[in-house]
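Contents: one structure, followed by commentary.
Just so it is clear, the structure is predicted and the values come from calculations on it, not from any experiment.
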Amino acid sequence: MATILDDAVRALRAWQHDDAPVQLHPGDVGWFWRSGADATAAAVRTWSRDGRIVAVGLLDEPGLLRLTVAPDARRDEELARRLADDLARPERGVLPAGEVFLETPPGALVQDLLRGDGWHDGDAWTPLVRDLAEPVPDPGLRIEVTGPEQAHVRAAVQRAAFNGSTFTAEHWRDMASAPPYADARCLVGHDQDTPVAAVTVWSAGRGRPGLLEPLGVHRDHRGRGHGRAITLAAAAALRELGSSCAFVCTPSTNTAAVATYRSAGFRQLPERLDLRRAA
């Protein structure tokens, strides 16, 4: 189990480049790891050729697969047909029967094949990116890096920022013990002594894009600029970790989040659509 996950994370790290599209990141697997190693292993799918991983998928929700392909295999017809066939057959264990959604990088051939096989446009997402060549302005909040002793604070802000969140200190410990977290940080922003916002940032290695996932502001402290502040803190942390840029992807319907990231110097990229297969 550990070897499969390690290999998948290693492949995802290698595929992150500034000139590549925003795609599944090792941090996405790292954030999922809050559910434990067994659950993460059960959610990851890999496709290999000649002993090399050429595609990785993460079943982020029961009916949502986030899939990416090695850059040099994105237009590989043999691989695309295999992926499309596996996605169409529930017995293969990649996706369940019924309504499902699929996220793939723009330009992947598998998208073209699926659109010709009854899949349609699904939800719209907005990716945003900030270059980290130059120093990031001071966020204006006191920022604390979460360690084991502060895990309960990080978890409490997460629950207060996202309706329905069940994130706990134990979930944080599971996530923080996972290999992807070796290049990650959890930050909590404090307005004086009150924790008001939190973010987890994930590096894919020096000179590669870093990910913000997740980022949230406590529901009782919104409308005071804390979202912009914790976003700036996240960008600064990724720059310190050696990331070339910071990126995030948010539902296009969440216009407040898009505005927040833009106010923190993130550049909005073209909207992306995932694919939907009807029940």
Side-chain angles (χ1 to χ4, degrees), residues 21-25 27-28 30-32 34 60-61 63-64 66 101 103 106 121-132 136-144 146 153-167 171-172 184-192 194-202 209-239 243 245-276:
V22 172
Q23 60 182 320
L24 187 69
H25 189 276
D28 292 306
W31 172 240
F32 194 96
R34 68 194 187 280
D60 214 4
E61 298 175 11
L64 168 63
R66 303 181 62 193
F101 293 84
E103 173 193 295
D121 289 343
D123 296 329
W125 296 81
T126 296
L128 302 103
V129 63
R130 179 185 170 119
D131 183 82
L132 296 177
V136 179
D138 184 275
L141 283 179
R142 180 171 65 84
I143 303 298
E144 187 174 83
T146 300
V153 177
R154 171 69 181 90
V157 176
Q158 182 74 19
R159 293 194 303 272
F162 295 93
N163 294 332
S165 173
T166 58
F167 192 59
H171 290 145
W172 184 90
R185 300 286 186 276
C186 272
L187 311 176
V188 175
H190 294 75
D191 183 359
Q192 298 186 41
T194 303
V196 296
V199 64
T200 305
V201 298
W202 305 87
L211 172 70
L212 283 63
E213 175 61 25
L215 180 150
V217 177
H218 194 296
R219 65 175 64 91
D220 295 337
H221 300 278
R222 292 174 181 160
R224 305 174 192 176
H226 299 326
R228 178 180 182 274
I230 197 68
T231 302
L232 288 172
L238 284 172
R239 188 174 189 272
S243 298
C245 64
F247 78 86
V248 65
C249 200
T250 190
S252 296
T253 54
N254 192 347
T255 55
V258 173
T260 293
Y261 294 126
R262 292 186 62 179
S263 74
F266 280 65
R267 175 170 54 91
Q268 187 171 334
L269 300 178
E271 188 176 67
R272 293 169 50 169
L273 299 172
D274 58 18
L275 292 177
R276 172 182 173 269

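Here the closest non-hydrogen pair linking H226 and L141 is ND1-CD2, 3.7 Å. Across every non-hydrogen atom of Q268 and T126, the tightest pair is CG-CG2, 3.6 Å. Considering every non-hydrogen atom in both R222 and A161, the closest pair reads NH2-O, 2.8 Å. Closest heavy-atom contact between G30 and W202: C-CH2, 3.4 Å.
For R276, the CZ atom is densely surrounded, since the number of other residues' heavy atoms within 6.0 Å is greater than 12.
Between T253 and D123, the closest side-chain pair of non-hydrogen atoms is not below 4.5 Å. For the pair L269 and R267, the minimum side-chain heavy-atom distance is below 4.5 Å. Considering only heavy atoms from C-beta on, Y261 comes within 4.5 Å of L215 through its side chain. Using a 4.5 Å heavy-atom threshold, the side chains of E144 and V153 count as separate. Inter-residue side-chain proximity for F247 and L128 is flagged as unmet; no heavy-atom pair is nearer than 4.5 Å.
Every residue two or more places apart in sequence or in another chain that forms a salt bridge (charged side-chain N to carboxylate O under 4.0 Å, His left out) with D28 is listed here: R66. With sequence neighbours left out, the ring-ring contact (aromatic ring centres under 6.0 Å, His included) criterion links F167 to W31. For E61, the side chain to side chain contact (heavy atoms under 4.5 Å, CB included) test picks out L64, with sequence neighbours left out. Listed by chain and residue number, S252 satisfy the side-chain hydrogen bond (donor to acceptor under 3.5 Å, both in side chains) test with E271 (two or more places apart in sequence, or in another chain). Annotation: side-chain hydrogen bond (donor to acceptor under 3.5 Å, both in side chains) contacts of D191 (sequence neighbours excluded): none. Applying the side-chain hydrogen bond (donor to acceptor under 3.5 Å, both in side chains) rule to T200 yields the partners R154; only residues at least two apart in sequence or on another chain are considered. In this view, P139 and I143, A229, L232, A233 satisfy the side chain to side chain contact (heavy atoms under 4.5 Å, CB included) rule, not counting sequence neighbours. For R219, the side-chain hydrogen bond (donor to acceptor under 3.5 Å, both in side chains) partners at least two apart in sequence or on another chain are N163. In terms of the salt bridge (charged side-chain N to carboxylate O under 4.0 Å, His left out) criterion, E213 has no residue partners (sequence neighbours excluded). With sequence neighbours left out, H218 forms a ring-ring contact (aromatic ring centres under 6.0 Å, His included) with H221. Looking at residues two or more places apart in sequence or on another chain, you find a side chain to side chain contact (heavy atoms under 4.5 Å, CB included) between T260 and T231. Evaluation of the side chain to side chain contact (heavy atoms under 4.5 Å, CB included) rule for L273 yields D121, A124 as partners, not counting sequence neighbours.
Rounded to the nearest 0.5 Å, atoms CG (L187) and CG (L212) are 9.0 Å apart. Within the model, atoms CG of D131 and OG of S243 stand 11.5 Å from one another, a figure rounded to the nearest 0.5 Å. The line from OG1 of T194 to CZ of R142 is 9.5 Å long, rounded to the nearest 0.5 Å.
The main-chain N or O of A264 is found under 3.5 Å from a side-chain atom of R130 such that the two form a donor-acceptor pair. In this structure, the side chain of H25 engages the main chain of P209 through a donor-acceptor pair within 3.5 Å. Judged purely by atom type and a 3.5 angstrom limit, R272 has no side-chain atom pairing as donor or acceptor with the backbone of C249.
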Original post:
Passes side chain to side chain contact (heavy atoms under 4.5 Å, CB included), V136 versus L238? Steps please.
Top reply: CA-CA 10 Å; V136 179; L238 284 172; over 6 Å; no
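Of the options V217, V157, I230, a side chain to side chain contact (heavy atoms under 4.5 Å, CB included) to V199 is made by I230 and by none of the others.
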